[in-house]
Amino acid sequence: MKIKIRILSIIAATALFSACSGVRNCTPPQLDLPAELDGNSTDSLTMSDLNWWQVYTDSALVAVIKETLEHNKDFLAAAERVEEMRQLYGVSKSNFFPEISGRIYGNYETNDYLDMKEVRDPEYGVKLAISWEADIWGGLKWARRKGEAQFVASVEQQRALRMTLIAEAASAYYRLIALDNELSIVRQSLETRRENVRVARLRFEGGITSELVYRQTLVEESATAALIPDLERRITQAQNAITLLMGRYPAKELARGQLWVEESLPDSLPTGLPCTLLQRRPDLRASEMDMRAALAQVGVNYANRFPSIRLSLTGGWENDDIKGLFRSPFTYALGELVGSVFDFGRRKRQYKAAEAAYEQARLRYEQSVLTAFSEVSDAVEAFRKARQTTMLRRELREAALKYVDLARIQYRAGATAYIDVLDAQRRFFEAQIGLGNAVRDEHLAFIEVYRALGGGF
C-alpha cells in the first residue's frame, strides 16, 4: 500500500510541475521587466515567435546561420541521437506484441560406448514459436512511457542546440564585423597620424615648431600602427570560429557585411507572458521529459518487484528421418510464472534508487525553470543598459568630433599647443572605437534576449 501511495504522489508531483506547459491560462509570477521593454503583454505575438531569418536580416548572417544548421557536426550528431531514440522507442512499443521465432535444424549423433554396439541418433526438425509476456503490473507500459519521454527529450535537445547554434553564429558574426569596423577606424586614424607626421616634420624642418611636436606625432603614429597586427589576429580567429560553426575548414576570406553604427534596434521588445517560456524553451521541455523518463523508470522498477507471466506456444515437425519429417507434427504450450522469492532486497533497492533519481530529475527541472526566468530578466536588463550606453557613446563621439575641429582651429590661430590637437584626435579615436563596441554589445544583448525567450528553434 505504501508503494502505491508513493507512486501516486510522484504522478501528482509530475502533473504539478508540468501543468504550466499544458495549460494556456496559467499564471506564474510575472517577471519584473522594464516598462519600455515589456511590450504589450496581451499581444499573442512575441519576438520569440518570429523566425530567425525575420530577426537577423543581414543576408551574409543568414547565409552563415543556414550553413551552420546544415553542416555543423554537433547538430548533425544531435539529429542522429534523435533517430537513435526514435528506434529505441519503437523497441519499447514492440514489447507489447508477441515474439515469433522460427528454427530449422538437423543433427546427426553417434554413440560408440565400450562393449556396446554403435548407436546412431539423427534428428531433424522445423519449429515455430510464439511467446508473449502479460503486462500484469504495468512494467511494459512504464517502459514505453520512458522510451517516449526519452525520444521527445532528444527532439527538444536538438531544438535547444539549434537555438544555441543560431545565437552563437549571430554573436560570432557581430563580433567579427565589429572587429572589421575597429580595424577600419584604426587604419583611417593611422592615415591621419601619418599626415600629422608629414606636416610636423615640414614645420620642424622649417623652424616653425620645435622637435618635441614632431616627436609627439611620431609616437602617436607608432602607437596607432601597433594596434593593427593584434586586430588582424583577432579577426582571423573570429573568422575561424565562424567557419568551425559552419562545419568548414579555416578560410582566409568570409563573406560578411559591415557594422552600421547609426543603426538603432527597436525600443520595445514584446516578450509576452513569462508562463509561455515553459512552452517555448526547448531546453525546459527537454528537462521536463527527462523528469518524465525518470518517473517512468520508477514505474518499471516497481513492476519488477512482482512475478512476470509469460506464455509460449511452439509447434512444428520433428523426426529422426528427414523423409518422414512432415508426417510427425507436434505442439508444445507453456505458461510461466517467474519471480524472485528472496533477493536480499535487491529489487526494492533498485526501486528506491529510481525514486531518488526521479527526485534529482525533478529538482533539475525546477532549477532549469528558475534559470530560464533569470536568463530572461538578465538579458532584458542587459539590452536596456546596452541601448543607453550606445546613445551615450553617440553623444560622446559627436562631442569628440567637435573637440577635434575646435582644437585644429585654435591651433592654426596660435591659441593652443599642438599637444591639444593630438589629445583631441586621441579622444575622437577612442570615442569611435567605443561606439562601435557599444553597437556590437547592443546586438549581442538583443541576440541573448531572443535566445532566452526561446526564439530561433
Side-chain angles (χ1 to χ4, degrees), residues 58-61 171-204 209 212-242 251-265 386 389-413 416-444:
D58 187 319
S59 59
L61 175 56
S171 298
Y173 178 83
Y174 280 108
R175 288 190 178 96
L176 175 59
I177 62 175
L179 287 172
D180 288 340
N181 178 71
E182 185 173 349
L183 180 60
S184 176
I185 293 172
V186 170
R187 285 174 172 167
Q188 292 174 6
S189 298
L190 182 59
E191 292 300 320
T192 302
R193 301 290 191 272
R194 287 171 176 170
E195 179 62 20
N196 290 343
V197 170
R198 187 186 67 83
V199 173
R201 185 179 66 253
L202 293 175
R203 294 172 67 86
F204 166 61
T209 58
L212 178 63
V213 174
Y214 174 55
R215 295 302 174 184
Q216 288 172 339
T217 58
L218 286 176
V219 169
E220 291 295 327
E221 178 194 21
S222 300
T224 305
L227 298 174
I228 293 179
D230 183 64
L231 280 173
E232 292 176 338
R233 175 189 60 82
R234 292 164 60 190
I235 288 173
T236 300
Q237 291 177 340
Q239 287 183 165
N240 292 342
I242 293 177
K252 291 184 178 180
E253 294 296 332
L254 180 68
R256 54 187 181 269
Q258 56 182 320
L259 186 69
W260 300 100
V261 294
E262 305 301 333
E263 179 185 13
S264 296
L265 292 175
T389 301
T390 301
M391 290 187 291
L392 293 173
R393 287 290 182 178
R394 286 198 180 103
E395 295 176 1
L396 175 60
R397 183 196 59 179
E398 296 303 320
L401 180 59
K402 292 180 180 179
Y403 180 25
V404 171
D405 293 338
L406 289 175
R408 285 175 176 171
I409 292 173
Q410 292 188 7
Y411 175 71
R412 290 168 185 167
T416 186
Y418 193 71
I419 188 65
D420 294 324
V421 176
L422 295 178
D423 180 68
Q425 290 177 344
R426 190 184 308 112
R427 297 291 183 88
F428 179 61
F429 171 73
E430 293 172 352
Q432 286 181 295
I433 299 296
L435 175 59
N437 291 338
V439 172
R440 175 205 62 195
D441 293 341
E442 186 178 355
H443 280 286
L444 295 180

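Nearest heavy-atom pair across Thr389 and Ala438 is CG2-CB, 4.2 Å. Listed here is the closest heavy atom pair of Glu182 and Asn437: OE1-OD1, 4.0 Å. Tyr403 and Asp420 get closest at one heavy-atom pair: OH-O, 4.1 Å. When all heavy atoms of Leu231 and Leu183 are compared, the closest pair comes out as CD1-CA, 3.9 Å. In terms of heavy-atom proximity, Ala424 sits nearest to Ala407 at CB-CB, 3.9 Å. What you find for Ala417 and Tyr411 is that their closest heavy atoms are C-CD1, 3.8 Å.
Comment: Lys402 does not engage Asp405 in a salt bridge, judged by the lack of any side-chain N to carboxylate O separation of less than 4.0 angstrom.
Between the side chain of Gln258 and the backbone N or O of Asn181 there is no donor-acceptor pair closer than 3.5 Å. Under the 3.5 Å distance criterion, the side-chain polar atoms of Tyr173 are left unmatched by any main-chain donor or acceptor of Ile242. In terms of modelled atom types and a separation under 3.5 Å, the side chain of Thr217 and the main chain of Tyr214 share a donor-acceptor contact.
The OG atom of Ser189 lies 10.5 Å from the CD atom of Glu430; values are rounded to the nearest 0.5 Å. With values rounded to the nearest 0.5 angstrom, Phe429 atom CZ is found 9.5 Å from Leu190 atom CG. Rounding to the nearest 0.5 angstrom, the gap separating the NE2 atom in His443 from the CH2 atom in Trp260 is 11.5 Å. Taking CD of Glu442 as the reference point, atom CE of Met391 lies at 8.5 Å (rounded to 0.5 Å). Within the model, atoms CG of Leu254 and CD1 of Ile177 stand 11.5 Å from one another, a figure rounded to the nearest 0.5 Å. To the nearest 0.5 Å, atom CG of residue Leu176 and atom CD of residue Gln237 are 12.0 Å apart.
Side-chain contact between Glu262 and Arg394 is present, with at least one heavy-atom pair separated by less than 4.5 Å. Side-chain contact between Asp423 and Arg427: present, with at least one pair of heavy atoms (C-beta onward) separated by less than 4.5 Å.
Each of Arg234, Arg256, Arg175 was scored for a salt bridge (Lys or Arg N to Asp or Glu O under 4.0 Å) with Asp180, with one residue passing: Arg256.
Residues passing the salt bridge (Lys or Arg N to Asp or Glu O under 4.0 Å) test with Glu195, sequence neighbours excluded: Arg198.
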Let me see the working for Thr236 and Asn240 under side-chain contact (heavy atoms from CB on, under 4.5 Å), right down to the final yes or no.
-> CA-CA 6 Å; Thr236 300; Asn240 292 342; 3.9 Å; yes

Show your reasoning for whether side-chain contact (heavy atoms from CB on, under 4.5 Å) applies to Asn196 and Glu221.
-> CA-CA 9 Å; Asn196 290 343; Glu221 178 194 21; over 6 Å; no

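Within 6.0 Å of CZ on Arg201 lie more than 12 heavy atoms contributed by other residues, nucleotides or ligands.
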